[in-house]
Q: 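What follows is a single structure, and I will ask about it in a moment.
Each ligand, and each atom within it, is numbered from 1 in the order the structure gives. In this chain, residues are counted from 1 in sequence order. Excluded from the calculations below are hydrogen atoms, water molecules and symmetry mates; all remaining heavy atoms, backbone and side chain alike, are included.
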Amino acid sequence: MRTSLVIANWKLNGDAELLKQMAEHFHQSEIQQHVSVVVCPPAVYLKTADVLLNAIGIAIGGQNCSEFEHGAYTGEISAKMLADCGCNYVLIGHSERRSLFAESDAVMAGKVQQAQAAGLTPVLCIGETLEQREAGELEHVIAQQLSSACKEIDFENLVIAYEPVWAIGTGKTASPEQAQEVHRMIRDWVAKQAPETAQKIQILYGGSVKAENAAELFSQADIDGGLIGGASLDTQQFDAICQAAKDK
Ligand code: PGA
C-alpha cells in the first residue's frame with residue numbers, strides 16, 4: 001500500500017559533473033519508473049538538477065530550509081525558494097544540522113510548517129545518539145523529537161527518516177530488527193496523532209545504507225525506503241540501493 005522512496009543526501013559533496021553522470025545512468029536504468037527517487041544536492045546545484053533530473057522522473061530536494069519565510073536572515077534559503085528551483089522535498093532536522101549547527105528541536109516545527117506552506121514534502125530526520133540508546137532513552141528521545149517538530153502540520157504531506165546518530169557515516173548500520181523496532185514505534189506515534197495517516201506515511205531508514213545491506217533493511221515491514229548519504233555519491237551503488245527498494 002505504501003510505495004518505496006529512496007533519497008540521496010549529498011551533504012557537502014558532489015558537483016554538476018556528478019549530476020550529469022547520474023542523469024545519464026538513470027536515463028538508461030529507469031529504476032525511477034518503479035521506485036520514487038529523490039536527489040538532494042547542495043543548493044547551488046538545484047537549478048542544474050531541475051533540468052537534468054526532474055526531466056527524467058527523479059525528484060529533487062533541498063538539504064535544509066529556513067524557519068523564516070523571508071527577511072534579513074543572511075545565508076538562509078526559504079522553502080519557497082527551493083520550490084522555485086524545482087524542489088518537491090526538503091530534509092529537515094538532519095542530525096548534522098542539529099549537532100554541528102546547533103539547530104534545536106524548537107526550530108523544527110517552523111521549518112516543517114514553512115516547507116508544507118511552500119508545497120514541499122518535508123523529510124523530518126530524527127534519531128538517538130549511542131549514549132541515549134544505552135541509557136534506555138530511545139523511546140523518549142524519538143517521541144520528543146517528533147512532538148516538537150510536528151505541531152500544526154499536515155501528516156498527509158510528511159516523510160519521516162529514522163537515522164540513529166551512531167549509524168550515520170560510521171559504517172555501523174542498525175540491524176534490520178533494531179531499525180524495524182524504532183520504525184514501528186514511530187508509526188505507532190503517528191497513529192496517535194493522525195490515525196488515518198499512520199498506515200500511509202513513508203518512514204525511511206538512514207545510516208550507512210549500502211548496496212549490500214539495503215535489501216535486508218527494506219524487507220522490514222515498517223521500512224519504506226532509505227535516506228542515503230555516502231553511498232549516494234556512487235551512481236552504480238545508489239542505483240543498486242534503489243533496485244533493492246523496488247524488490248521490497
Ligand atoms: P550515510 O549518511 O549513509 O553516509 O551514513 C546518511 C545520512 O546522513 O543521511
Q: Going by the order shown, which atoms of ligand 1 are within less than 4.0 Å of some heavy atom of Gly207?
A: 5 (O)
Q: What pairs of residues pass the ring pair (Phe, Tyr, Trp, His ring centres under 6.0 Å) test when at least one of them lies in residues 162-201, not counting sequence neighbours?
A: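 For residues 162-201, and leaving out neighbouring residues, the ring pair (Phe, Tyr, Trp, His ring centres under 6.0 Å) pairs sorted by first residue read Tyr162-His183.
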Q: Would you say Ile56 and Gln32 make side-chain contact, with heavy atoms under 4.5 Å?
A: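 SC-SC contact between Ile56 and Gln32 confirmed.
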Q: Sequence neighbours excluded, which residues qualify as ring-ring contact (aromatic ring centres under 6.0 Å, His included) partners of Phe218?
A: none
Q: For Ala167, which part has a heavy atom under 4.0 Å from ligand 1: side chain, backbone, both, or neither?
A: backbone
Q: Taking Glu69 first and then Lys80, would you say they form a salt bridge - that is, a charged N and a carboxylate O separated by under 4.0 Å?
A: no
Q: With the threshold set at under 4.0 angstrom, would you say Ala231 reaches ligand 1 through any of its heavy atoms?
A: no
Q: Tell me, do Val6 and Phe238 make a side-chain contact under 4.5 Å, heavy atoms counted?
A: yes
Q: With heavy atoms under 4.0 Å as the rule, classify the contact between Asn9 and ligand 1 as side chain, backbone, both or neither.
A: side chain
Q: Can you report which non-hydrogen protein atom sits closest to atom 3 (O) of ligand 1, along with the distance?
A: Gly229 N, 2.9 Å
Q: Just to confirm my output: which protein heavy-atom neighbour is closest to atom 2 (O) of ligand 1, and how far is it?
A: Lys11 NZ, 3.3 Å
Q: Which heavy atom in Asn157 sits nearest to a heavy atom in Leu120, and how many Å separate them?
A: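 So the two residues come closest at ND2-O, 3.1 Å.
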Q: Which is closest to atom 8 (O) of ligand 1 in terms of heavy atoms, Gln63, His94, Glu96, Glu163?
A: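 When every heavy atom of Gln63, His94, Glu96, Glu163 is considered, His94 comes closest to atom 8 (O) of ligand 1.
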Q: What is the nearest protein non-hydrogen atom to atom 4 (O) of ligand 1, stated with its residue, atom name and distance?
A: Gly230 N, 2.9 Å
Q: Taking 4.0 angstrom as the limit and counting only heavy atoms of Gly169, give me the atoms of ligand 1 inside it, by number and element.
A: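 Near Gly169, meaning under 4.0 Å from one of its heavy atoms, ligand 1 has 1 (P), 4 (O), 5 (O).
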Q: Could you check whether Lys210 pairs with Asp234 (Lys NZ or Arg NE/NH1/NH2 to Asp/Glu carboxylate O, under 4.0 Å)?
A: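 No, Lys210 and Asp234 are not salt-bridged.
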